[in-house]
Amino acid sequence: MKISLDLGFNQLLFNCGFNFNHQMAEIIGPRLYSCCNCRNHVALHDDVISKAFQGRNGRAFLFSHAMNISVGPKEDRHLMTGLHTVADVYCFDCREVLGWKYEKAYEETQKYKEGKFILEKSRIVKENW
């Protein structure tokens with residue numbers, strides 16, 4: 001979307017974190033990840049911690065935060081890095097399983113994952129890139 005803006009408003013947009021040029025303002029929001037099924041926004045690119053994780057169906061990303069999701073019941077699972085208590089996460093709009101949330105790690109070296117989210121690459125799509 002392109003909108004002509006006066007310089008005062010351009011400065012306001014810049015201060016709010018929007019990217020634009022001085023001829024025509026092209027408003028670009030934050031880079032997001034959305035549910036592959038319904039395009040509900042579920043995570044911000046800035047919240048990616050690692051893209052080197054393994055999900056149930058291939059590559060997965062570790063996020064510090066997720067949004068517009070619901071969290072299922074906790075259960076213990078033996079994952080590649082040991083025993084963890086996890087809860088599946090679902091798209092809030094369409095209920096698609098997107099990944100899981102690490103609730104507890106039993107090994108000291110894995111504690112950094114607690115409270116973080118795995119979203120499977122095959123279940124999310126990029127928005128605003």
Side-chain angles (χ1 to χ4, degrees):
M1 161 178 32
K2 294 193 182 223
I3 304 170
S4 293
L5 301 171
D6 68 326
L7 278 179
F9 195 62
N10 280 351
Q11 188 60 48
L12 176 65
L13 286 174
F14 179 77
N15 292 343
C16 291
F18 289 100
N19 298 321
F20 64 94
N21 65 41
H22 291 295
Q23 300 297 319
M24 293 290 283
E26 186 169 349
I27 299 175
I28 303 169
R31 294 189 300 172
L32 301 164
Y33 291 95
S34 298
C35 170
C36 69
N37 189 47
C38 71
R39 298 301 197 265
N40 180 28
H41 298 159
V42 294
L44 297 172
H45 174 70
D46 289 347
D47 290 335
V48 173
I49 296 170
S50 174
K51 294 182 178 181
F53 275 72
Q54 187 68 29
R56 289 186 206 134
N57 303 305
R59 235 169 107 196
F61 301 161
L62 181 67
F63 288 86
S64 58
H65 301 92
M67 59 188 166
N68 300 321
I69 53 126
S70 57
V71 180
K74 297 175 187 178
E75 63 181 67
D76 285 343
R77 282 191 204 150
H78 290 279
L79 303 173
M80 291 175 63
T81 54
L83 181 64
H84 296 79
T85 301
V86 299
D88 285 340
V89 295
Y90 304 86
C91 172
F92 191 79
D93 286 350
C94 73
R95 304 296 293 158
E96 177 86 14
V97 177
L98 302 174
W100 63 84
K101 179 179 181 183
Y102 285 103
E103 297 289 351
K104 182 176 180 177
Y106 291 92
E107 295 185 28
E108 196 61 39
T109 60
Q110 302 301 307
K111 293 282 188 189
Y112 75 95
K113 296 177 185 174
E114 291 181 346
K116 313 260 184 327
F117 298 85
I118 287 290
L119 298 180
E120 298 201 40
K121 187 178 178 190
S122 65
R123 306 292 177 102
I124 55 176
V125 294
K126 296 175 180 178
E127 301 272 350
N128 292 335
W129 290 67

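Only a predicted model underlies this, so the values are computations on that prediction, with no experimental measurement involved.
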Exercise for the section: Check whether any side-chain N or O of Lys111 sits under 3.5 Å from a backbone N or O of Ala105 as a donor-acceptor pair, and report yes or no. Expected result: yes

Completion exercise
The side chain to side chain contact (heavy atoms under 4.5 Å, CB included) partners of Asp46 (sequence neighbours excluded) come to none

Practice task
Check side chain to side chain contact (heavy atoms under 4.5 Å, CB included) between Leu83 and all other residues, then give those that pass, not counting sequence neighbours.
Solution key: Asp76, His78, Tyr106

Problem - Asn128 (side chain) donor-acceptor with Pro30 (main chain) under 3.5 angstrom - result: yes

Solution key, residues 34-41 side-chain donor-acceptor pairs under 3.5 Å, sequence neighbours excluded:
unit_1	atom_1	unit_2	atom_2	d
Ser34	OG	Glu127	OE2	3.4
Arg39	NH1	Cys36	O	2.9
Asn40	ND2	Asn68	O	3.1

Practice task
Not counting sequence neighbours, which residues clear side chain to side chain contact (heavy atoms under 4.5 Å, CB included) with Glu107? List them please.
Solution key: Thr109, Gln110

Exercise for the section: Kindly give the cluster partners of Val97, where membership spreads through any ILVMFWY side chain lying under 4.5 Å from a current member. Expected result: Tyr90

Handout entry: Cluster link Phe53 to Val86, ILVMFWY, side chain under 4.5 Å
Key = yes

Practice task
Locate the shortest heavy-atom distance separating Glu120 from Trp100; write the atom from each residue and the value.
Solution key: OE2-CZ3, 4.2 Å

Handout entry: Path from Met67 to Phe61 over hydrophobic side-chain contacts below 4.5 Å
Key = no

Handout entry: Same apolar cluster (I L V M F W Y, side chains within < 4.5 Å links), Phe117/Tyr33
Key = yes

Exercise for the section: Specify the closest pair of heavy atoms between Val71 and Ala87, including all atoms of both residues, with the distance to one decimal. Expected result: CG1-CB, 3.5 Å

Handout entry: Qualifying salt bridge (charged side-chain N to carboxylate O under 4.0 Å, His left out) pairs with a residue from residues 57-74, counting only residues at least two apart or across chains
Key = none

Completion exercise
Scanning both residues in full, the closest heavy-atom pair of Ala43 with Leu119 reads CB-CD1, 3.8 Å

